[in-house]
Structure formats: structure tokens, C-alpha cells
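For reference, the structure is listed below as C-alpha cells.
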Amino acid sequence: MTDQIREQLSALLDGELPRDEMGLLMRRLDKDPELRRAFGSYALIGEALRAPGGRIAAPSFAARVSAAIGDAPAIAEKTSTARPAAAVPLQQQAALWKRPIVRTALAAGAAVTAVLLFRPDGTPVAQREVTPANSFAMSASPTPAQTQRLAGYLVAHSQFSTPMVRRNVLSSLLAADPGITRVSHEMGEAP
Amino acid sequence: MRGAATRRAAVCVAACLLAFSASAEDDARAWIERMSESLATRNYDGLFTHSTGRQAETMRIVHRVDEGKSFERLVSLDGSGREIVRTREEVHAYLPDRRVVIVEPRGDDGSLLKSLPTPGPALDRNYQLVVGPKGSRLLGREVRVIDVRPRDIYRYGYRLWLDEDTAMPLQSIVTNGIGNPIEIIRFTQLQMKDRIPAHDIEPTVDATGFQWIRTGRKLAAMPQLPRNGGWRPMRLPPGFRLVTSRLQPIPGSPMPAQHLIFSDGIAAISVFIEPGAQTGPRPPETSSMGSANAYSTSVHGHVVTAIGEVPAATVREIANSVAPVQGSAVPADFPAGSAR
């Protein structure tokens, strides 16, 4: 991936890509899985910097972001002395929302690693688990058959949702690792 | 005399407040209707991030309207390669990580008119609707923030950032009962277009060798409901009403599932009742997919699954109350505070 493409991807995520460049980039994204992966990782960097309180903490998250950073070694080397975000005062964090965040992050290289691994409160992001709204007695990964069955139900259900909720529901189905995030087997007999 | 004047003034103020409140609710409902109409009837191409408490994904949505029918492609740009395409007749969900394509006939038959939601005047019985002041900006656009706050614990809330001109949601947050975000969709790019070429809706997944699973058929081709009349949940949260019911084929099973759809104007809940497995009753299962929750349990030798964009406790209560219909076709509301 060339620096130009990388720059275009990050500008796209920052909402700063000129319209006349957007169509071509979209077509390239459609055709190039590698480019899609890189783009997704860049978006994750932006989300990580925007997200309050370590909200994003998927097990593979740090690895994916690290891979994204590894995808831009030349840039990272140039800026390896950047100040770690852990030392950035909280009031300056708000400013991150207003900056071209993805480009800033990619240009920061090593600093991004610090942002991702240690938030301002010092909590390691990759180890910070978000407590689910509802917890259950036991949890296990869904089997392929369970995933398939629920995916079918979800698609059928989405046909009867409002347009906005349908988009939310189907987006959840598209989400990777894994699409269905929690399956619990409750103890005891069904009522 | 002074007391009567005071009472009249109080009544007047109360009436004004009620009128203002009703007007505000009407205004919010109008924004929601405009948003739904834009989502269903406009041509657009956008990139957004979908974030939950556990993960974030980047996705692209392309929505095309042609001769009164809507087409859509939703694709994950983030490695899984999953893709959902709404064609003229069907919905195709490509899951390359499972080497599976799930095919479902479109419930709305592609008609824009039928796909439009009906929030209805009863919406404010279940949600408090609030329109924010002018002046907010997002993505360089003027937006209006709309709060849809649930009045009880059986449904989620929504905060919507709607474009002033088009009412397209540039950002939306789903919140739980205590107002914490559980799902965020934030556009990073959104282009409204006069025309979107047909090839932009074609899937990019190479599905060669994939298993194609048809989970539904056209209703006309389906067998009739069994003579025993079907099943119903005996308890429903306030405001949820049966929208429709149909039969849903199950891959590998000669018997279809009964599919009931309930809605409160914003959220929908599906209940599937399928003949039980020969291996006996299964333990209850709870699943979570973004803001959607599902709960499966065994009832009278059948597997009952409730799924919807509502809290896990709500789908659990509904699934556990499902029973064969015996005279009482009108489900009761949830007793107050019964959701756990």
C-alpha cells in the first residue's frame, strides 16, 4: 500500500477526502480485500482515540491495531519520539475529537501504541473488560450451528424492523470476531 | 376572587405546558418519520463505524432506489468480509468466515411504501421524545439531536444526530435503561446522490463453493398454519402489539417455525416457535448481537426463541411466557417491575 493510498484512507475517515477522489477509492476498496482490512484497522485507531473510557476492548482489538500500526513502519520510525498519550492531560483529550484524528494518529506511530495500551487513567485497554449489561451464570462461545441458526433468525427478524433499527441489527450481524458475542447456558430447568 | 384567578392562571399554564409538550412530541415524531423516510427512499453511500462495548467495525452502506423499490448493500470493511445485499426479491447475507450464504425473502417485497415504519401517535406512551435546539454540528453539517427515552425498562433508548436538511442519522447511540451507550453508529462519510449505479449494489464476495441456506420462502408457497392454531406469548411489555405472523421454514426440518412479529413503533421483537429436537429439551440460551438480544428455551416440546433490539430480560420474559393458544388471543402486559 502506497503512502498516497494510506493518506487517502485516513483523510476519508477524517471526513477530509475531496469528493472527486472518493469514487475511485470506494471502487478500490470494493476490489481489494487487503485495502479493506487496512481501512478497517485505521478506523479502529480513530475509534480507539475517540472512545471514552476504554469502551472498545475486543480480545483481538490490540492485535488488529498493532497490525495496522505495523502496516505503516516508515511513518512510525519518523515519529518515534512522540509523547505517549498516557502523559497527555485529560483536558487535551477533548481536543482529539476535533483534530483530523486518524491522520494524526498514524503520523504519531509509537505514540498511538501508547494511546492504545494505556489510556489516561493508566488502564491497559487490551485487558479492560466491559461489564455486560446483563450477566449470566455461565458463558461459552457459540457453536457454528448456533451462530448460523441465530443469523438466520436475525435476518428474518430484520425484515420487520424500522429502517434505522434494521441497519443496526444487520450491522451487528456483519460484525466480526464473533458476530454473536455471548451465549449463556443458564442453570436449571426452563419454566 | 384572588384564589379563582390563581386557579385559572394555573390551569392556563398547565394547558400551555401540555400543548407545548404535545407539540414537542409531535415535532420529535415528525423528525423520526423524516429520518425513516430518508433512510428508505433516498440514494446514499456512506461509511460508518459500528461500536459496541466489545468491538468496533467499519462498514459501508450503499442504498439505491430504482422505480419505487429499494436496494441495499451493507459490507464489513474490517476483515470479516461479511456482506448483506437486499435485492429486488430477497436478502442475501454472505458470511465468508462460515462459507455460508443465508437467503431470506424480503418481507416488504421491495416496496418503499410498505417498508416505511409507522411510529404512530402511541409512540409517546412508551418513549419520551425530545428535540434538541438548533446549532449542533457533525461531519461539517448542521444536525438536530433527538432523544428517544424509554419510559420503562423493557426497551432501549436512542439518541439521534439528524442532518437538518435530509434528516439522515449521521450518528446514533442506543442506550440501556440507565442511559449508558451499548451501541454507537457514527458516519465518517455520507454522500447523498441523485443516482447510484446498479453495480454498486452487487456483492463483492466470491461465494463459489459456499452453502446457500434458504431460511424463508414466499408466503404464498408456505404451508398453512397447523390446525392447533399456533402459539402466543402470554405476557408482553406495554405498547408492543402483534404486527404480523407467518411460517418460517427451518433448514433440514420438515416442519416450519411459527414466526410472530411484535412492535412498539421503534423496537421490534420476533418470536420463533419451532418443533423441538428429537434429542429432548435444550437448556435455555441467551445470545447478544450488538443491541439485539435473543433467548431460546424449550416449551411443551418446542424450541421458542425471542429476538429483538430490546434488553435481554425482555426477550427472556416473552419467550418464557409463550404457550399454545387456548382461547385467549390477547396477551397481557408485563406486570410492573417483572423484568429482571
Side-chain angles (χ1 to χ4, degrees), chain A residues 12-13 15 19 22 26 29-31 33 36-37 39-40 43-44 47 51 55-58 61 64 130 132-134 136 142 144 146-148 150-157 159-165 167-177 179-186 190-191, chain B residues 35-36 39-40 49-51 53-59 74 76-82 84 91 93 98 100 102 104 106-107 117 139 169 172 176 182-183 185 188-189 204 215-216 243 248 259 261 266 268 270 272 283-292 294 297-298 305 307 309 312 320:
Chain A
L12 184 65
L13 284 165
R19 284 178 71 102
M22 209 172 293
M26 290 292 188
L29 275 169
D30 266 348
K31 293 175 183 169
R36 284 205 297 272
R37 268 192 283 277
F39 178 76
L44 283 174
E47 281 300 291
R55 181 171 45 77
I56 300 166
F61 176 67
R64 287 156 67 194
V130 176
N134 304 283
F136 298 92
Q146 285 172 319
T147 299
Q148 195 168 297
L150 280 170
Y153 278 166
L154 201 63
V155 173
H157 168 73
Q159 299 298 302
F160 300 93
S161 298
T162 60
M164 181 194 70
V165 174
R167 182 200 59 192
N168 291 11
V169 167
L170 293 179
S171 297
S172 299
L173 179 60
L174 290 187
D177 76 324
I180 296 167
T181 56
R182 179 162 46 90
V183 169
S184 304
H185 301 278
E186 292 185 326
Chain B
M35 173 191 72
S36 295
L39 282 168
T49 51
H50 172 264
S51 312
R54 295 172 62 92
Q55 60 192 43
E57 299 282 331
T58 310
M59 299 181 188
L74 187 62
S76 164
L77 299 175
D78 201 16
S80 80
R82 291 183 179 185
I84 295 174
V91 179
R98 310 276 177 194
V100 157
I102 294 170
E104 168 77 20
R106 285 184 64 153
L139 272 182
S172 61
N176 63 13
I182 54 174
E183 183 177 64
I185 285 187
T188 53
Q189 286 286 342
T204 56
T215 59
V243 176
Q248 174 86 5
H259 180 190
I261 301 101
I266 295 278
S270 282
F272 298 91
E285 296 170 359
T286 299
S287 310
S288 171
M289 298 141 283
S291 59
T297 188
S298 294
T305 302
I307 187 168
E309 50 279 2
N320 283 333

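Residue numbers start from 1 in every chain, and the chains themselves are labelled A, B, ... in the order their sequence lines are given, proteins ahead of strands.
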Hits for side-chain hydrogen bond (donor to acceptor under 3.5 Å, both in side chains) against B:S270, two or more places apart or cross-chain, chain-then-number order -> A:H157, B:H259
In this structure, CZ of B:R82 is separated from CG of A:L170 (nearest 0.5 Å) by 12.0 Å
Work out which heavy atom in B:I185 is nearest to a heavy atom in A:S171; give both atom names and the distance.
-> CD1-OG, 4.1 Å
Side chains of B:E57 and A:L174 in contact at under 4.5 Å (non-hydrogen atoms) | no
How would you list, by chain and number, every residue that makes a side-chain contact (heavy atoms from CB on, under 4.5 Å) with B:A294, sequence neighbours excluded?
-> A:L150, B:S287, B:M289, B:I307
Can you see which heavy atom on A:P163 is nearest to which on B:S36, and at what distance?
-> CG-O, 3.8 Å
Given the options B:I261, B:V243, B:L39, which has more heavy-atom pairs under 4.5 Å with chain A than any of the others?
-> B:I261
If one checks every heavy atom of B:I84 against chain A at 4.5 Å, the contacting part turns out to be both
Can you tell if the side chain of B:T305 reaches within under 4.5 Å of the side chain of A:Y153, non-hydrogen atoms only?
-> yes
Side-chain contact test, heavy atoms from C-beta onward, threshold under 4.5 Å: evaluate it for B:E309 versus A:S172 and give yes or no.
-> no
Which atoms of B:V100 come close to chain A, meaning under 4.5 Å heavy atom to heavy atom: side chain ones, backbone ones, both, or neither?
-> side chain
Which atom names give the shortest non-hydrogen contact between B:F272 and A:A156, and what distance separates them?
-> CZ-CB, 4.1 Å
Mind checking the CE-CE spacing from B:M35 to A:M164? Nearest 0.5 Å is all I need.
-> 4.5 Å
